[in-house]
Amino acid sequence: MADLDSAFFAAREVERGASWAEEIQGEWKLEETERSAFRASLVSWFQQQQRDLPWRATRDPYAIWLSEIMLQQTRVETVIPYYHRFLERFPTVRDLAAASLEEVLSLWSGLGYYRRARMLHQAAQVVVSEHEGEFPSTHKDLLSLPGIGRYTAGAIASIAFSEEAPLVDGNVFRIFARLFSLTDAIGSKELERACWQLAASLVRGESPGDLNQALMELGATLCFPKKPSCLLCPVRAWCRSFAAGTQAELPTPKAPKETPIWQVMWGLFVEKGRVLMIQRPHAGLFAGMWEFPGLYRAGEEAISAQEWDDTLAEMGIKAAIPPSSAKPYKHILTHRQLAITTHTILQWEKMEPSVPFRWVELAHLGELPISSIVRRVLHDLAADSLGG
DNA sequence: AACTCGGGGCA
DNA sequence: TGCCCAGAGTT
């Protein structure tokens, strides 16, 4: 394949790409002719090859905003069904602002990073109360909304309002690292500064939204983290790491972080086809989401019967029989691993929960804000209850 | 600057 | 299993 690459790729193009990249690395400055040629190649490719994604069929800033919030740290394929459900239920920002937080969290259920849904809801209410329902149209005003940071403001401003606002996401970090052979690690201040500066220098010109989306599209469809498809790349003539054959080694990965193990024990209190659920605090992990009475604790060793009893007693619950029918689950998060044990409990002595609680029918539990792992446990419980 | 915050898809 | 994904807010 390396031979095919070199045969396919003209030496003249390599030299041209290398000199352009050196110039960038030296002074963060490009000749406008080179910049224009790069933009033209990239945007032309994007306009011909772009994927048919739902949020590209609209010019509604509200819909574009919704898609960008959902796409934060979340893959396109995961977002698509959520995007359709949200727009169907909340066609306008006023509909979203008028909804309850619980309903918004319920529709967000399973998508993760639930603070996004809270801030989405808050931002919708700000748009209605302070902007008369008209979505802010400038990068500066967008930044002031909850949940809209540097990237999302750039995305909405450029895509929905054609503002020359730069944007850098995970794709763009990777592309610039390869294009300019930037060896600083992902997550480093040096790489971040360099990439935002490069993005700002490139977004000048016509169709800034297409330029920004083209960069991300390139990362998503060709410039993969592993095994990039350089033969199909519209801008490989400018790619310094392709010329050097080092594209597979970039970007430099960040040092892996530890993911400590947490023990979780949940009691599935079942009565008449219903299960007892409690609501988590409105901040922190799974904020405001519903789950089961129990406890979380850091560490490798299993939760003891004493810890279990004490925790349940504080909640105002006392089981009549010790936990039995233990069922283990493993749930991996970005920054911790949950070793979960569930116990189905059919009898109890005391049931006066001191925290927000509900008895939820196993038959229909789609209305409740729950995490993905809680959904899985409930699904298993329903299957076990109905099956035997 | 480091940490917190989900979940899933893929080699 | 490890990596990483159209990041933002808090400390």
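The shown structure was predicted, so the numbers you read here are calculated from the model rather than taken from an experiment.
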Exercise. Can the ring centroids of F38(A) and W238(A) be said to lie less than 6.0 angstrom from one another?
Worked result: yes
Exercise. For the residue pair W108(A) and F86(A), is the inter-centroid distance of their aromatic rings smaller than 6.0 Å?
Worked result: yes
Tell me the interatomic distance from [X], atom [atom1], to [N], atom [atom2], rounded to whole angstroms.
| X | N | atom1 | atom2 | result |
| --- | --- | --- | --- | --- |
| I80(A) | dG9(B) | CD1 | P | 13 Å |
| I332(A) | dG9(B) | CD1 | C1' | 15 Å |
| L120(A) | dG6(B) | CG | P | 15 Å |
| R375(A) | dG8(B) | CZ | P | 10 Å |
| Y329(A) | dG7(B) | OH | C1' | 17 Å |
| F224(A) | dC10(B) | CZ | P | 12 Å |
| E190(A) | dA1(B) | CD | P | 9 Å |
| Y82(A) | dG8(B) | OH | C1' | 10 Å |

Exercise. In whole Å, what separates the P atom of dA6(C) from that of dA11(B)?
Worked result: 15 Å
Problem set entry | P-based separation of dT11(C) from dG6(B) [nearest Å] | 16 Å
Distance test, side-chain N/O of [X] to OP1/OP2 of [N], below 4.0 Å:
| X | N | answer |
| --- | --- | --- |
| H335(A) | dT4(B) | no |
| H331(A) | dG7(B) | yes |
| K189(A) | dA1(B) | yes |

[X] and [Y] ion-paired at < 4.0 Å:
| X | Y | result |
| --- | --- | --- |
| R150(A) | E192(A) | yes |
| D95(A) | R89(A) | no |
| E102(A) | R358(A) | yes |

Problem set entry | Any side-chain donor near an acceptor of the partner, E68(A) and Y151(A), under 3.5 Å | yes
Exercise. Using a cut-off of 4.0 Å between protein heavy atoms and nucleotide atoms, how would you tag nucleotides 4-11 of chain C 5' to 3' with B, S and -?
Worked result: BBBBBS--
Seminar exercise, completed: Note: for K226(A) and F286(A) on DNA chain B, the residue whose nearest nucleotide lies more 5' is F286(A)
For this session: Spell out, as yes or no, whether a donor-acceptor pair under 3.5 Å connects the side chain of S229(A) to the backbone of L232(A).
Result: no
